[in-house]
Asks: 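First the structure, then my questions, so here it is.
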Amino acid sequence: MDDIPPYQQLFEASPHPYLILRADDGFTIVAVSNKYLEVIGTEREAIAGHGLFDVFPDNPASACSSIRDFRVSLSRVISAKHSDTMNVQKYDIPLRDGSGNIERKYWNPVNTPVFDAQGHMTYIIHHMEDVTESMASHERAINEHEQLRESEICFQAVLEQAAVGIAIISLEGRWLHINHKLCQIVGYSRDELRTLTFQDITYPDDLDADLNYVRQVLAGEIATFSMEKRYIRKDSSIIWINLTVSLVRKPDNAPNFFIAIVEDIQARKEVEASLKEAKRIANLGHWTWNVNTNKCTWSEGIYRIYGRDLDLPPLSYQETSQYFTAKSWVNLTAAVERCLEKGLAYECDAEVVRSDGGHRWVIACGKAIRDADGRITALRGTMQDITERKLAEVVLQESKEQLKLFIEYAPASLAMFDQKMCYLALSQRWRSDYALGDSNLLGLSHYDVFPEIGEEWKAIHRRCLVGEVMRSDEDRFERADGRVQWLRWEVRPWYLGSGAIGGIVIFSEDITQQKQAKEALQLNVDLEKRITERTTELKALNQSLESFVYSVSHDLKAPLRGVDGYSRLLEEDYADRLDDEGRLFISNIRTGVTRMNELINDLLTYSRMERCKLESSALDLAVVVHQVLVERAEDIALHHIEIVANLPPLMVLGDREGLKLVIRNLLENAIKFSKHSLNPQIEFGASKDNHHITLWIRDNGIGFDMKYNQRIFEIFERLHRLEDYPGTGIGLALVKKAMQRMGGRVWAQSVPGEGASFYLELSAVQELESTME
């Protein structure tokens, strides 16, 4: 019972049968008390929610039908808008002991209307008072005068044992007979009440209505009436009661006395008052719109929301548009139309323009009301003022935007993540430190953005997601492309308003340059010691290498020139004396000489690259590429190769001749391996970060298997037959050596049959970068 509202407990605990009907065409049964179910011998599910006369149909064959009387009485209540007392009804109720015997019961039914705040009848309470004992006493009095005394005793017992106050009141309003319960309700003893009238203890504001009902009863306009009113108790406190009054007439039909039933409804009124106050505090109002009549009813809360005078009538649905902004009214009418058409309940936010010009935000809710045939006859709903919450949401959103701006433009590298390690916010410095570009990372997983993150880092994140704060002054982070960054970092959790951890924030600082500088200092100390030791060795090695180069240049090439000269003489002067096989031998000798000469020249170039001193200077990469393309323009045109090389000015540190050699060799390779393609194309492109510029040369030739990725840069390594693709196998080794000498690096990517891409990474000229920024 603790979960049942107090007024419902009172309703169920009443010793009298109660039936609550909706004041509609079908008199739908809204609620039924346990006592009523006991009297009619049925279950609640069999009648609740059904129309009254569907459950209790008329019996035209019966000369006297209590249901017919019931219908007539309800019609009087609807038309007259006041209580109506039916004639005492007699029922023969079968006993439940299985004996087949019946018990005769007499009931005095009263039908009482219930009105809402606007005066519209909403419900009718059907209350039946058990007057079986009274009727039995009355019948015995008629049949046997000597039993009158016994009847009076029984009646008195009923009065005293009743759970409601019962009194007999004179036509002038004096208390003639009072039961104990009534004395408890008003706080007076019987003797004290007999010296008073009902007018004496009626609250002044309720007296006129009470007397008006009394006049109607005495005039025969109504047989009975019910009303809620207040009594002034003996201790001067006020108590709410429900009063039901019937007039007893003499045999000549002259008024004799009143019978009053007094129910204590103070608890119910307090609950109603609490509910009303709760609605006021919650800024909640309710409304009803009768679709057929276009009439609306509003609770006081609706008037408060609109800022409308309570003395003014409610507006029609269409007129209510004056209280909403144009945008809100469009959204609201769309929801209402769907509700009218399909019966769909709705709930939406709307902006209200009050009578005083002020603006408020509300949640408007509505649902359809249907008649017995399923037709929508009305809409009913609520409206709650949520302005404070809406303003708080605006402030919160502004706060979020400010936080977002703070994070985005913070002069530090930081990022904010949720519990799933998805990005919520990040600074521009974070993007630049990790070369993330301008792509939208919000909502993406940190581990998708950085697939190189290992289990060690993930374990740190998990620990911080449960509350730890962790930091490191120096940590190594190897990127997916092979680059290594040294970081100083701190990871800490951030909290929701509820106190729960919402995710983590990572602060980091790229200390790669500091780390490199520190390592360089240490290396310098070691190198200074080793330089002295190695200088002598290097001088000796250089002298040996110079001797080798001289030997190759003079001693090896001298006999090669002799072979070349004599083979040419044989080919020119003795060709007619040789057969085909002889001429083939001469051709092979000359081809071998040519290849040997190419090998010696490439070896000499490779040797010079190893020994020569490269002059590092600022070079415009786009200009160097253009110069090499001009050198090879004839070969490019011969094979109809499309060149794409729209490079912006990119300043790098390098040796001009060394860089041209590198680009020339890669271009010749691209021409050689793509010239047989259907539409040969060679593309030059570049990218840059804070410290490096990367140039790539991409062709659509035959490509190679990446398992040979390292081999192709070794000296004399070849992936294809000499007959198919001529070459010495030294070109890419020379590219690698030149890039190493210039402090850069080279690598390649390829798929067989889909071309190859070669990448050159060189140091960017920092002064130019700073100027451009």
Side-chain angles (χ1 to χ4, degrees), residues 435 478-486 510 512-513 515-517 519-520 523-524 527 602 605-629 631-632 645 647-670 682-699 704 706 708-715 717 730-750 756-770 772:
E478 185 171 348
R479 302 299 302 276
D481 60 6
R483 291 184 297 115
V484 173
Q485 286 181 273
W486 286 90
D510 189 332
T512 305
Q513 290 185 341
K515 178 69 175 178
Q516 292 172 344
E519 292 177 347
L523 285 173
N524 285 338
L527 285 173
D602 284 351
T605 303
Y606 188 82
S607 174
R608 283 195 296 272
M609 180 58 65
E610 184 70 45
R611 294 180 297 107
C612 73
K613 183 179 180 181
L614 299 183
E615 298 294 334
S616 182
S617 61
L619 302 174
D620 188 332
L621 192 57
V623 172
V624 176
V625 169
H626 178 71
Q627 290 172 350
V628 174
L629 287 173
E631 292 175 6
R632 292 295 180 267
L647 297 175
L650 296 167
M651 302 304 293
V652 298
L653 288 175
D655 179 80
R656 180 177 297 277
E657 293 305 317
L659 184 56
K660 288 179 68 174
L661 182 146
V662 167
I663 296 174
R664 186 183 302 115
N665 277 5
L666 292 180
L667 177 60
E668 290 173 350
N669 252 23
I682 299 174
E683 178 187 0
F684 288 81
S687 63
K688 64 178 180 177
D689 58 24
N690 288 342
H691 307 291
H692 301 91
I693 290 177
T694 302
L695 173 72
W696 68 80
I697 303 174
R698 183 176 297 129
D699 65 64
F704 62 86
M706 284 296 288
Y708 304 117
N709 185 41
Q710 298 303 318
R711 282 179 52 189
I712 62 175
F713 293 103
E714 300 301 324
I715 193 166
E717 287 290 345
I730 299 177
L732 289 180
L734 189 59
V735 168
K736 180 180 178 182
K737 178 60 66 177
M739 289 301 295
Q740 289 175 342
R741 294 295 310 279
M742 289 187 289
R745 64 190 185 103
V746 60
W747 69 95
Q749 291 181 347
S750 180
S757 298
F758 285 84
Y759 297 86
L760 304 174
E761 183 184 78
L762 293 162
S763 296
V765 178
Q766 297 300 319
E767 291 76 12
L768 181 59
E769 294 287 321
S770 301
M772 292 174 67

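A quick note: this is a predicted structure, and the numbers were derived from the prediction, not measured.
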Asks: State, to 0.1 Å, how close Glu761 and Met739 come at their nearest heavy-atom pair, and which atoms those are.
Replies: O-CE, 3.5 Å
Asks: Using 0.5 Å steps for rounding, measure from the CE atom of Met651 to the OG atom of Ser617.
Replies: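 That separation rounds to 8.5 Å.
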Asks: Distance from Phe758 atom CZ to Arg698 atom CZ, nearest 0.5 Å?
Replies: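 Going from the CZ atom of Phe758 to the CZ atom of Arg698 covers 12.0 Å.
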Asks: Are side-chain heavy atoms of Val765 and Leu653 found at a separation under 4.5 Å?
Replies: yes
Asks: To the nearest 0.5 Å, how far apart are CD in Glu631 and NE2 in His626?
Replies: 11.0 Å
Asks: Just by modelled atom types, is the Ala756 backbone N or O under 3.5 Å from a matching donor or acceptor in the Asp699 side chain?
Replies: yes
Asks: Are Val652 and Met742 close enough that some pair of their side-chain heavy atoms sits under 4.5 Å apart?
Replies: no
Asks: Taking only residues two or more places apart in sequence, or in another chain, which ones meet Trp486 in a ring-ring contact (aromatic ring centres under 6.0 Å, His included)?
Replies: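 Not a single residue meets the ring-ring contact (aromatic ring centres under 6.0 Å, His included) criterion with Trp486.
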Asks: Considering only NZ, NE, NH1 and NH2 on the basic side and carboxylate oxygens on the acidic side, decide whether Arg479 and Asp481 come within less than 4.0 Å.
Replies: no
Asks: State, with a plain yes or no, whether a side-chain heavy atom of Ile663 is found less than 4.5 Å away from one of Lys660.
Replies: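 The answer is no, as the side chains (C-beta and beyond) never meet within the 4.5 Å cut-off.
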Asks: Can you tell me how the ring of Tyr759 sits relative to the ring of Trp696, calling it parallel under 30°, perpendicular over 60° and tilted otherwise?
Replies: tilted
Asks: Would you indicate whether the side-chain heavy atoms of Val746 and Gln740 approach each other to under 4.5 Å?
Replies: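 SC-SC contact between Gln740 and Val746 ruled out.
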Asks: Please test Ile697 against Leu667 for side chain to side chain contact (heavy atoms under 4.5 Å, CB included), starting from the C-alpha separation and ending with a verdict.
Replies: CA-CA 8 Å; Ile697 303 174; Leu667 177 60; 5.6 Å; no
Asks: Under a 4.5 Å cut-off applied to non-hydrogen side-chain atoms, are Leu760 and Leu666 in contact?
Replies: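 Touching, per the 4.5 Å side-chain cut-off.
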Asks: Which heavy-atom pair separates Lys688 from Ile693 by the least distance, and what is that distance?
Replies: CB-CG1, 3.8 Å
Asks: Looking at side-chain heavy atoms only, is the closest gap between Arg483 and His691 below 4.5 Å?
Replies: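 No, too far: nothing below the 4.5 Å cut-off.
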Asks: What distance do Arg664 atom CZ and Leu629 atom CG have between them, rounded to the nearest 0.5 Å?
Replies: 11.5 Å
Asks: Once you round to the nearest 0.5 Å, how far does CG of Leu621 lie from CG of Leu762?
Replies: 7.0 Å
Asks: Tell me every residue that passes side chain to side chain contact (heavy atoms under 4.5 Å, CB included) with Leu647, counting only those two or more places apart in sequence or in another chain.
Replies: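 For Leu647, the residues satisfying side chain to side chain contact (heavy atoms under 4.5 Å, CB included) (neighbours in sequence not counted) are Ala622, Val625, Phe684, Ala686, Leu695.
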Asks: For Asn669, enumerate each residue passing the side chain to side chain contact (heavy atoms under 4.5 Å, CB included) test, keeping only those at least two apart in sequence or located in another chain.
Replies: Lys672, Phe673, Leu732
Asks: Take Glu668 and Asn665, measure what side chain to side chain contact (heavy atoms under 4.5 Å, CB included) needs, and give me the verdict at the end.
Replies: CA-CA 5 Å; Glu668 290 173 350; Asn665 277 5; 3.9 Å; yes
Asks: Enter the distance from Arg745:CZ to Thr694:OG1 here, rounded to the nearest 0.5 Å.
Replies: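 It comes to 7.0 Å.
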